[in-house]
Amino acid sequence: MIVRDLRSKIVGRRILGVQTDWPKYFRLPSSEARFRACITGKVITAVDRRSKNVLISLTGDYLLLIHQKISGRLLVGNWERRSDSQTPHSLWQPVSPPRGSTVPQGRFIHLLFDLDDGRQLGLSDLRKFAKALCGKREVILNRPEIRQLGPEPLDPQFTLARFKQLFAGRKGRIKQMLMNPKFIAGIGNIYSDEILYAAGIHPLSRLTKFQEPQLKALYRSIKTVLKKAVRLRGTGIVGGSAAARAEQGYDKVRMVYQRRECPRGHEIQRIRIGGRSARFCPVEQKLF
DNA sequence: TGCAGTGTTGCTTC
DNA sequence: CGAAGCAACACTGC
């Protein structure tokens, strides 16, 4: 769930309790009991985002950080313990809602926060890579995964001049740089492919070769692709059902990611860069 | 059927 | 220091 949706649903709510079937989520404090003690009874005062970290402000100057990683989705709804014993995906299943209302998505609920309005904040997370941290705001914000983050690409302060500065003295392939959160925050595999297609730049291009025209094209593409993605509420989860993906508008406008052909009919190529797969159009994306 | 592939980091090794 | 490789986990799709 997008942060702006989450904000409208959970700000002002008190957290009554925490349930999980995967205590490894709790990285700080690292024991389930201490995490529960840190969370319980506090009121949610704000929801923000830094890169892909969801930051939930709590009374008493505390912060709950949740990173959804690859397969996590934060949802608001109601879940109940499964009665069947055939241990499928998780211990919980969605409470069947009244006819006509929306079923909370997420078969893979592994973490639940009970809220004081009777609803729950649930983490659906097939691969269980997500993490949750609770602590004093200053402690959380000083952790390396937050402190070392690069600029937010949609921040108005992120100007072309600042973008150019990021290239100074750096080597490597552009695809890997775009996905490096210490370089720019919040660009993952899909959007890096889409940005590079929009800019007409080959993912293996070397940073040292970038001149003014490429820097400008890339900067503009970062802004336009990400703005469109936010407007269309993001992409669906990879591996999710087609129906679940269809609700995420960005799925309809992807140019290269998981497509056979680009919009001009050229066959998409796939290569591996730094352990990730990169999709691109070999005709329209030039190697620098 | 089996195995490559998967909105992401972060640790270890060289 | 940087880069590469891979682990965390479990399912989908070819």
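By convention in this document, chain letters (A, B, ...) are assigned in the order of the sequence lines, proteins followed by strands, and residues within each chain are numbered from 1.
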Atom-pair distance ([atom1] on [X]; [atom2] on [N]), nearest Å:
| X | N | atom1 | atom2 | value |
| --- | --- | --- | --- | --- |
| A/L226 | B/dG7 | CG | C1' | 13 Å |
| A/L178 | B/dT8 | CG | P | 13 Å |
| A/F108 | C/dT12 | CZ | C1' | 10 Å |
| A/R107 | C/dC11 | CZ | P | 8 Å |
| A/I146 | B/dT9 | CD1 | P | 10 Å |
| A/Q148 | B/dT9 | CD | P | 13 Å |
| A/I190 | B/dT8 | CD1 | P | 7 Å |
| A/I195 | B/dG7 | CD1 | P | 14 Å |

Distance between the [atom1] atoms of [N] and [M], in whole angstroms?
| N | M | atom1 | answer |
| --- | --- | --- | --- |
| B/dG10 | C/dC11 | P | 24 Å |
| B/dG2 | C/dA8 | C1' | 22 Å |
| B/dT1 | C/dA10 | P | 22 Å |
| B/dG7 | C/dA3 | C1' | 24 Å |
| C/dC9 | B/dT12 | P | 16 Å |

Item to check | Bracket notation of DNA chain B in which parentheses pair within the strand, [ ] cross earlier pairs, and | pairs with another strand (Watson-Crick or G-U, under 3.5 Å) | outcome: .|||||.|||||||
Next on the checklist: Could you go through A/F183 and A/F167, starting from their C-alpha distance and side-chain angles, then the distance that decides it, and tell me whether this counts as ring pair (Phe, Tyr, Trp, His ring centres under 6.0 Å)?
Outcome noted: CA-CA 9 Å; A/F183 179 67; A/F167 283 74; 5.8 Å; yes
Checklist entry - Between A/R279 and A/S277, is any side-chain donor less than 3.5 angstrom from a side-chain acceptor? => result yes
Item to check | Check: A/F280 ring centroid to A/H202 ring centroid under 6.0 Å | outcome: yes
Item to check | Candidate nucleotides B/dG5, B/dT9, B/dG7, ranked by approach to the side chain of A/K131 - the nearest | outcome: B/dT9
Checklist entry - Which nucleotide sits closest to the side chain of A/E145: B/dG10, C/dT12, B/dT9? => result B/dG10
Next on the checklist: Taking any heavy-atom pair under 4.0 Å as a contact, classify A/R279: base, sugar-phosphate, or nothing.
Outcome noted: sugar-phosphate
Checklist entry - Heavy atoms under 4.0 Å, any strand shown: does A/R270 hit a base, just sugar-phosphate, or nothing? => result sugar-phosphate
Next on the checklist: Check A/K164 with A/E212, please: is the shortest side-chain N to carboxylate O separation under 4.0 Å?
Outcome noted: yes
Checklist entry - Does a salt bridge link A/R260 with A/E267, judged by any charged N lying under 4.0 Å from a carboxylate O? => result no
Next on the checklist: Suppose we screen for salt bridge (Lys or Arg N to Asp or Glu O under 4.0 Å). Which residues come up paired with A/R276, at least two apart in sequence or across chains?
Outcome noted: none
Checklist entry - Is there any side-chain hydrogen bond (donor to acceptor under 3.5 Å, both in side chains) pair reaching into residues 129-141 of chain A, and which pairs are they, with sequence neighbours excluded? => result A/S57-A/R137, A/K131-A/E145
Checklist entry - Is any side-chain N or O of A/R276 closer than 4.0 Å to OP1 or OP2 of B/dT6? => result no
Checklist entry - Can you list the residues that meet the side-chain contact (heavy atoms from CB on, under 4.5 Å) rule with A/R7, with sequence neighbours excluded? => result A/V3, A/R4, A/V11, A/V47, A/D48
If you look only at distance, which donor and acceptor atoms sit under 3.5 Å apart when one is on a side chain in residues 22-29 of chain A and the other is two or more places apart or in another chain?
| unit_1 | atom_1 | unit_2 | atom_2 | d |
| --- | --- | --- | --- | --- |
| A/Y25 | OH | A/D125 | OD2 | 2.7 |
| A/R27 | NE | A/K24 | O | 3.2 |

Item to check | Under 4.0 Å protein heavy-atom contacts per nucleotide of nucleotides 2-9 of chain C, with B for base, S for backbone only and - for none | outcome: --S---BB
Checklist entry - With a 2.5 Å cut-off on the SG atoms, do A/C134 and A/C38 make it? => result yes
Checklist entry - With nearest nucleotides of DNA chain B determined for A/S277 and A/H67 from heavy-atom distances, which residue corresponds to the more 5′ nucleotide? => result A/S277
